[in-house]
Amino acid sequence: MAGRKRTASGSHATNVAASRTSRSRSTRSGAMRSNVPDIYREMLIEADTQSSVTPSERPLKRRRPGQHNHQSPKRPDPPQVILKSDDVDDEDDEADEDVQFEDVPPPTATIQTVERDSDEEEEDDEMQFEDFDFSLPPPDLDSIPDGDKDLELDFSARTTVNIQKTADRRKPITRAEKDHRIEIHRMHLLCLLYHAARRNRWCNDSAVQERLRPLLTNKMIKYLNPSTSLTQFGQAQSLKEGLQHVGTLYKTRFQITERGIRRALWADNEEHLQNYQLPDDAESPMDKEDFREAAKSLRGSRDVGAQLYCALLRSAGVEARLVCSLQPLAFTSGGPALGKPPKAKGKLSIEEQYARMTKYNNTFESPVASGPPIAKRLGHPNAMAYYPPRITPASSSRKPPPVPKKIRESAYPIYWVEILDEGHQKWQPADPLVTDSFWKPQKLEPPASDRENCMAYVIAFESDGTAKDVTRRYVKAYNAKTRKMRIESAQATGDKWWRKVLQAFSRGITTDLDQIENNELTELELREPMPRNVADFKDHPIYALERHLRRNEVLVPGASASGTVGAGSKGPLEKIYRRRDVRIARSKEKWYRMGREVLPNEIPVKFLPKRVKPKADLFGDEEDDDCGTVGTPIYTHDQTILFKHPPVINGRVPKNRFRNLDLYVPSMVPEGGAYVPDELAARAAFILGVDYAPALTGFLFKGKHGTAVLHGAVVAAENEEAVCAVIDGLKEQVAEFEKAQRTREVLKAWRLFLMSLRVRQRIWADVDSDEEGNHEDVVESGDGDDHAKALRSDASDEAGGFIVDDEDMAGGFMVD
DNA sequence: GAATGTCGTT
DNA sequence: AATGCACGACATTC
């Protein structure tokens, strides 16, 4: 077991490190991803798509990455004789309406088969769970992989190197690097989420529950299911008491023998990554059987402990959620790092390497059941961890392992349980194993300095498989601190992405209880106290400091402070404003591009310092320079009005000096005009002889030069219909032409095919049939019966079934 | 003295 | 070119 685990993560680390060396970003992230099971990779892609597809529109089967979407049901391909086959291919997707091909029987043979790249399709057919549509709520939980074994990702470990550390640390990270980090972060999130979802599902397993239930006495079960005749308070008390009983009991029975999930950290350099190894006692990947086994032996990581506790409670009829605090790799490079590999300060000595090897072999040979497989090493990986040793309570009823393991882990749990207090309609946390706390959400948030546990995403899974983000219940500064660690603040679209991910786990309907909980969570967020230090005001969703305003942000004139902070104790006090009093200011040009116009005589709300002189001149004439370079004036939204082009009068459309019409937003269509968003619009209008103006819809910036993008045209409203009609006509013409062209090409292909056949037939006609058994079908008989016989002959034969006359062909294949 | 926050440097 | 960012050094609080 341990052997497998080590192999998996070991190869993983090596891979990443190797790819890192190659320096190319694409390879790097490629390698990164290649270590992730396809299902997860796809989830990432899937959840990332911005397209707002409604459930009904979604494909039943998920697309595979390599597969193009438009390879709809098979249309018979024309014989792949090399013609201008590229033309044909190009049109493939658009020609769906061209029914003609549906009617053409496909040749069962080709003379010269063009290489079809079929290889790419067969590769990933292995995937076990391809039918799982990640984006469809409610999730089809049965199709989530039923074991961790497909998962090579070592959650507790490091997956990549912190570039910032190795590169020039003075420079801010590049955009690409940031994206890369975010991608890793998101991938981690998904993997962890699914891991937890799977464990949650196992908690419902009847075999697991049956094995656990004997732990409970009838009295406990009674406590856990208080009679409804009790008062609200009484019920809650009974439940709580029952939980405590069960908790104490469980704590003595369950033995923590393995290390659970830890926070992922960045490696400082590749060496650290390469030399990284999982601790001996890290939890091994499990499948359902292993989990059942753990339910019997009551041993495992404290994560498994919490999961079994959840199963136990569910078996007693308690509404219990499995809660997991996901520990993805941070997208900021700050924070603690992996640090040096265990023991060896620099490189491993030969002896050490040898020792490691033997240990590995031992593990491999000796069955795990015979006690702890690996003797604890002196230089334990976590010898440096500062948490006091956690002695696992030795079970009295079981033979304790020869050497009680000391597992130092965070003093805060990764997994715990939430119980529904029915009386108060409230979910309450319970963690018997780590903090031994009940009904105390505040007790579960680790401090920011915890190297092994970082609370950023707390997900609660219910027994029906649905999940909810309940982070706000547990963190004390969601807005000020936690948010900054979450994907929402890393990326503009992060919010959307995360919602979409969770939507896969949503119940579809919002129950009353959901609503109550949502209210509770938002209230917690609103109640969050105002930060007391300057740093926490940065990017705060409610408050803002002047010092943190972006260059194009500005406070509304009447903005009033809602408090003050000082930096440290001696800094000058700064006013705290509300974020909603912050406005974005833009230049005249920017506003124009948004279809707005700065009112005349408005005083710019701010001047953006533009270009400053390249260098501090040796001469003292800086003053002049500065005066000349007080930059672009910018204005706020309410200093502008909607921009209006002059109206269309008598069919005359206004135009700019390039004979176009600026049309950046819909509101810029002039009064009395209509926008025809079609490439053919201008031509159609020209054909009709009506006035029109091509629409300038934006600019394409390539390097420094911006080129105008023209799309469609504006015509007078009364001409719109006519123009559209003409466009339809034009399109039909084009379609017609293309259709004819295609038909011609296909016919050409068929002709060539048949001609070749005929040639071949002629050639082989003289050859004795037994010399070339392969061709006898076609060749053997005399001319009389040729046709019929060929049609009857085996279809697997290359030429079978396709000996026809020219006339037949022409007649049969012509459509229309 | 650990934990947390600010400041100056590049 | 300079602004923003990250990081180490230093300061303050409990």
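The sequence lines fix the lettering, A, B, ..., with proteins before strands; numbering per chain opens at 1. Bear in mind the structure is a predicted one, so any value in this text is a computation, not a measurement.
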Original post:
Could you give the CG-to-P distance, from A/Asp539 to C/dA6, as a whole number of Å?
Top reply: 11 Å
**OP:** Give the B/S/- string for nucleotides 4-9 of chain B, one per nucleotide from 5' to 3', where a protein heavy atom under 4.0 Å of the base yields B, of only the sugar-phosphate yields S, and otherwise -.
**Re:** SSSS--
Subject >> A/Tyr592 ring center near A/Tyr664 ring center (under 6.0 Å) >> reply: yes
**OP:** Check the distance between C/dT3's P and A/His548's NE2 and give it to me in whole angstrom.
**Re:** 16 Å
**OP:** Give none if B/dT6 has no partner; otherwise give the nucleotide forming a Watson-Crick or G-U wobble pair with it, both distances under 3.5 Å.
**Re:** C/dA9
**OP:** Calculate the interatomic distance between A/Lys538 atom NZ and C/dT3 atom P; express it in whole Å.
**Re:** 15 Å
Original post:
Atom NZ of A/Lys484 to atom C1' of C/dA6: distance rounded to whole Å?
Top reply: 16 Å
**OP:** Report yes or no: is the cationic atom of A/Arg181 (NZ for Lys, CZ for Arg) under 6.0 Å from the centre of the six-membered ring of A/Trp266, at an angle within 45° of the ring normal?
**Re:** yes
Original post:
Is the NZ atom of A/Lys484 crowded by more than 12 outside heavy atoms at less than 6.0 Å?
Top reply: yes
**OP:** With heavy atoms under 4.0 Å as the rule, sort A/Lys178 into base, sugar-phosphate or nothing.
**Re:** nothing
**OP:** Determine the sole option in A/Arg302, A/Arg259, A/Arg262, A/Arg451 for which the salt bridge (Lys or Arg N to Asp or Glu O under 4.0 Å) test with A/Glu409 is passed.
**Re:** A/Arg302
Subject >> A/Lys496 backbone acceptor or donor facing A/Thr493 side chain under 3.5 Å >> reply: no
**OP:** Kindly state each residue pair satisfying side-chain hydrogen bond (donor to acceptor under 3.5 Å, both in side chains) with at least one member in residues 572-582 of chain A, sequence neighbours excluded.
**Re:** A/Arg547-A/Glu574
Subject >> Opposite nucleotide pairing with C/dT3, Watson-Crick or G-U, both atom distances under 3.5 Å >> reply: none
